[in-house]
Amino acid sequence: MQQYNRTGSTQNRPHHGRPKTLSAHAQRHIQRLALGNRRMSAASIASEVERVRGQPLSAQSIHHTLHQIGLHCCQPRRKPLLKMMHEKARIQFAADKQTKYMDFWNHVLWSDETKINIFGPEGVKRVWGQPGEGYKENECQH
């Protein structure tokens, strides 16, 4: 009724802007791929969609589509680096070395080496998830 009062007609006016390249069916397919394997990158989802549907898409289009659906790319939850048996072995090692004489420690070579990546991150994995999801291994850490 508001449209009729404003324009005097109930017909839809022509839409402005570029029409969407993805149908609702294609968006659901992208969502299923992302939720089926949350660690799948946008580029690999794009290549899978192109293989299955024959529709070439860019990774940016996939990223934008998943954002519209409500999925965001984030860092996965980190797993603990040490297990209980590792912790016990470290404590035992420290207890054994605690009684060593200073002469022993003078012959130990100490270093503080670190690895620095010059050309971007190496192996940083991202996962697709929704804000507020739990801390499962394959889900986001928010």
Side-chain angles (χ1 to χ4, degrees), residues 1-7 10-142:
M1 292 184 69
Q2 291 175 356
Q3 182 179 353
Y4 181 78
N5 290 337
R6 266 186 293 138
T7 63
T10 58
Q11 292 182 351
N12 290 333
R13 294 175 25 185
H15 294 282
H16 293 46
R18 180 178 174 169
K20 292 186 176 188
T21 58
L22 290 174
S23 65
H25 188 264
Q27 288 180 349
R28 285 192 308 274
H29 181 78
I30 292 169
Q31 182 178 9
R32 273 194 310 274
L33 286 172
L35 291 176
N37 182 3
R38 290 177 183 256
R39 293 179 185 270
M40 199 172 192
S41 68
S44 59
I45 291 174
S47 64
E48 179 69 18
V49 168
E50 184 174 356
R51 186 184 67 77
V52 172
R53 302 182 64 82
Q55 183 178 15
L57 292 172
S58 68
Q60 186 63 35
S61 295
I62 300 294
H63 207 268
H64 183 71
T65 301
L66 290 173
H67 271 264
Q68 287 178 337
I69 293 170
L71 294 174
H72 299 279
C73 195
C74 56
Q75 233 175 346
R77 182 176 179 218
R78 292 182 59 129
K79 294 189 282 188
L81 299 177
L82 297 178
K83 295 181 179 177
M84 186 59 77
M85 64 180 224
H86 296 133
E87 289 179 15
K88 288 180 182 178
R90 282 183 167 214
I91 291 172
Q92 184 62 41
F93 176 82
D96 292 345
K97 303 303 181 219
Q98 190 174 11
T99 59
K100 295 286 184 182
Y101 295 107
M102 282 303 287
D103 187 44
F104 171 81
W105 294 112
N106 288 336
H107 296 293
V108 173
L109 178 65
W110 301 95
S111 71
D112 59 350
E113 296 176 11
T114 186
K115 181 179 180 216
I116 298 172
N117 292 328
I118 296 173
F119 299 108
E122 182 180 317
V124 175
K125 299 293 182 187
R126 309 289 281 177
V127 295
W128 295 104
Q130 296 172 335
E133 280 187 323
Y135 286 119
K136 295 181 183 171
E137 182 182 332
N138 63 343
E139 292 179 349
C140 288
Q141 175 177 330
H142 291 287

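Values reported hereafter were calculated over all heavy atoms of this structure, with side chains retained and with hydrogens, waters and symmetry mates removed.
Residues forming a side chain to side chain contact (heavy atoms under 4.5 Å, CB included) with Tyr4 (at least two apart in sequence, or on another chain): Thr10. Qualifying side chain to side chain contact (heavy atoms under 4.5 Å, CB included) partners for Ala89, counting only residues two or more places apart in sequence or in other chains: none. The side chain to side chain donor-acceptor pair (under 3.5 Å) check on Ser47 picks up nothing, with sequence neighbours excluded. Partners of His67 by ring-ring contact (aromatic ring centres under 6.0 Å, His included), not counting sequence neighbours, listed by chain and number: His63, His72. With sequence neighbours excluded, no residue forms a side chain to side chain contact (heavy atoms under 4.5 Å, CB included) with Ile91. Listed by chain and residue number, His25 satisfy the side chain to side chain donor-acceptor pair (under 3.5 Å) test with Arg53 (two or more places apart in sequence, or in another chain). With sequence neighbours excluded, the residues forming a salt bridge (charged side-chain N to carboxylate O under 4.0 Å, His left out) with Arg51 are Glu48, listed by chain and number. For His64, the side chain to side chain donor-acceptor pair (under 3.5 Å) partners are Gln68, not counting sequence neighbours. With sequence neighbours excluded, the residues forming a side chain to side chain contact (heavy atoms under 4.5 Å, CB included) with Glu87 are Leu82, Met84, listed by chain and number. Gln11 is linked by a side chain to side chain donor-acceptor pair (under 3.5 Å) to nothing, counting only residues two or more places apart in sequence or in another chain.
Looking at Val127 and Cys73, their side chains never come closer than 4.5 Å, going by heavy atoms from C-beta outward. The shortest distance between side-chain heavy atoms of Gln55 and Glu50 does not fall below 4.5 Å. Contact annotation: the side chain of Ile45 approaches that of Leu66 to within less than 4.5 Å [non-hydrogen atoms, C-beta and beyond].
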Counting only pairs under 3.5 Å, give me each side-chain donor-acceptor contact of residues 26-35, with atom names and distances, residues two or more places apart or in other chains.
none

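Across Ala59 and Ala46, no two heavy atoms sit closer than the pair N-CB, 4.3 Å. For the residue pair Gly70 and Gln130, the shortest heavy atom distance occurs at O-CG, 3.6 Å.
The local environment of NZ in Lys88 is sparse, with at most 12 non-hydrogen atoms from other residues, nucleotides or ligands closer than 6.0 Å.
For the ring-ring contact (aromatic ring centres under 6.0 Å, His included) condition, no pair includes a residue of residues 87-107, sequence neighbours left out.
Annotation: the span from Ile62 atom CD1 to Trp128 atom CH2 amounts to 8.5 Å, rounded to 0.5 Å.
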